[in-house]
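Below is one structure, written out as structure tokens, with a few remarks after it.
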Amino acid sequence: MDYNSILKDAKETIGKKCRVCKECNGIVCRGEIPGVGGKGTGEGFSINYAKLKEIKINMDTIYDFKEVDTSVELFGKKFAYPIFAAPIGGLNLHYSDVLNDETYSRAIVSGCKMAGAAGFTGDGVKDEFYDLPLKTIEEAGGWGIPTIKPWKKEEVLNKVKKAEAAGALAVAMDVDAAGLALLAALGKPVSPKSVDELKEIISSTKLPFIIKGIMTVKGALKALEAGAYGIVVSNHGGRVLDQTPATVDVLPEIAEAVKGKMKIFIDGGIRTGIDVVKVLALGADAVLIGRPYAVAAYGGGAEAVKIYTEKIGKELRETMIMTGCSKLSDIDESVIYKPSRR
Ligand SMILES: Cc1cc2nc3c(=O)[nH]c(=O)nc-3n(C[C@H](O)[C@H](O)[C@H](O)COP(=O)(O)O)c2cc1C
């Protein structure tokens, strides 16, 4: 199995809503929900991709070479790469029934683990949409991160306890799902969470708590005040609100405000190891990748997820060699090309 055969096989199994485009940039699928696009005009997805592409990298290979180390420490554990699979839920709704939320999560969680990385799992209107993916984390010795939707507090507290019982690495909440009309239509409303409510939830557990869906400095500071271990700078792949800026555009100011005080993850349009270097240079500690992981899982299950993770990891390593960075902490703003420096 190689990456080309994974893409070829994914085209057969993934369904009609994802075209497995050469560039997964949100253009062809724009506005398609159910499906894999961004909401409305779809620009929340496509801008993430486009803005990352605009950033260019400084190449310099005259330096005293040391073996490259792509590993990162998070949650008191060591990972081979700062790369995580983002939570994706509603597989049958958005892709095809070749995989469901359980079989998809098993491919993601075990494939990422085989590559020395880790995967997030999702949540949904029925209990089983959280419980079955969580079971796959438990099967992997806890090596994964369940993501809870912003339901009523009692339900969130109950799901946090389940994450603890499964021995998960951490637990997350996609607070940006707060306006998802789809969930309300199915009779299970979600809502914004106050800092006090988040404090109560976060202090109920010893697990590191990650708040996913932060797009402003104000939001990041509130997550910090609530006691979060980390945030994911994310616009949910453009699926919850049309016309947001690109995640990479809001990253530097968020990093300036909270870097070193909490961990900063980012997602949205990250497709290559070069993209990973770009966002680490702008202040992120690690990345999440969404849609391409779904393509990998449909194209060859856990083995394909492992191959895909290693592909991005290899690109990261190559980019580090070409930019004079032997460890992740060497990647800083000097790696980013700024025309004004000429
Ligand atoms: C079909 C689909 C389903 C998703 N489901 C969830 C989910 O259940 N929970 C969540 O936090 N994010 C969900 N996301 C958002 C991703 O976790 C992630 O933020 C986004 O896909 C990152 O952008 P990228 O796909 O461009 O890498 C979903 C995204 C897609 C495309």
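Both ligands and their constituent atoms are indexed starting at 1 by order of listing.
At a heavy-atom cutoff of 4.0 Å, ligand 1 is surrounded by F45, A86, P87, I88, G89, H94, Y95, T147, K149, D174, K212, S234, H236, G237, R239, D267, G268, G269, R271, I289, G290, R291.
Among residues two or more places apart in sequence or in another chain, the ring pair (Phe, Tyr, Trp, His ring centres under 6.0 Å) test is passed with W151 by none. For Y63, the ring pair (Phe, Tyr, Trp, His ring centres under 6.0 Å) criterion is met by no residue, not counting sequence neighbours. For F209, there are no ring pair (Phe, Tyr, Trp, His ring centres under 6.0 Å) partners, not counting sequence neighbours.
For the pair K56 and Y337, the cation-pi criterion (under 6.0 Å, within 45° of the ring axis) is not fulfilled.
The one candidate from T272, I331, L282, I55 that meets the side chain to side chain contact (heavy atoms under 4.5 Å, CB included) condition with V277 is I331.
A salt bridge links K53 with E23: at least one charged nitrogen is closer than 4.0 Å to a carboxylate oxygen.
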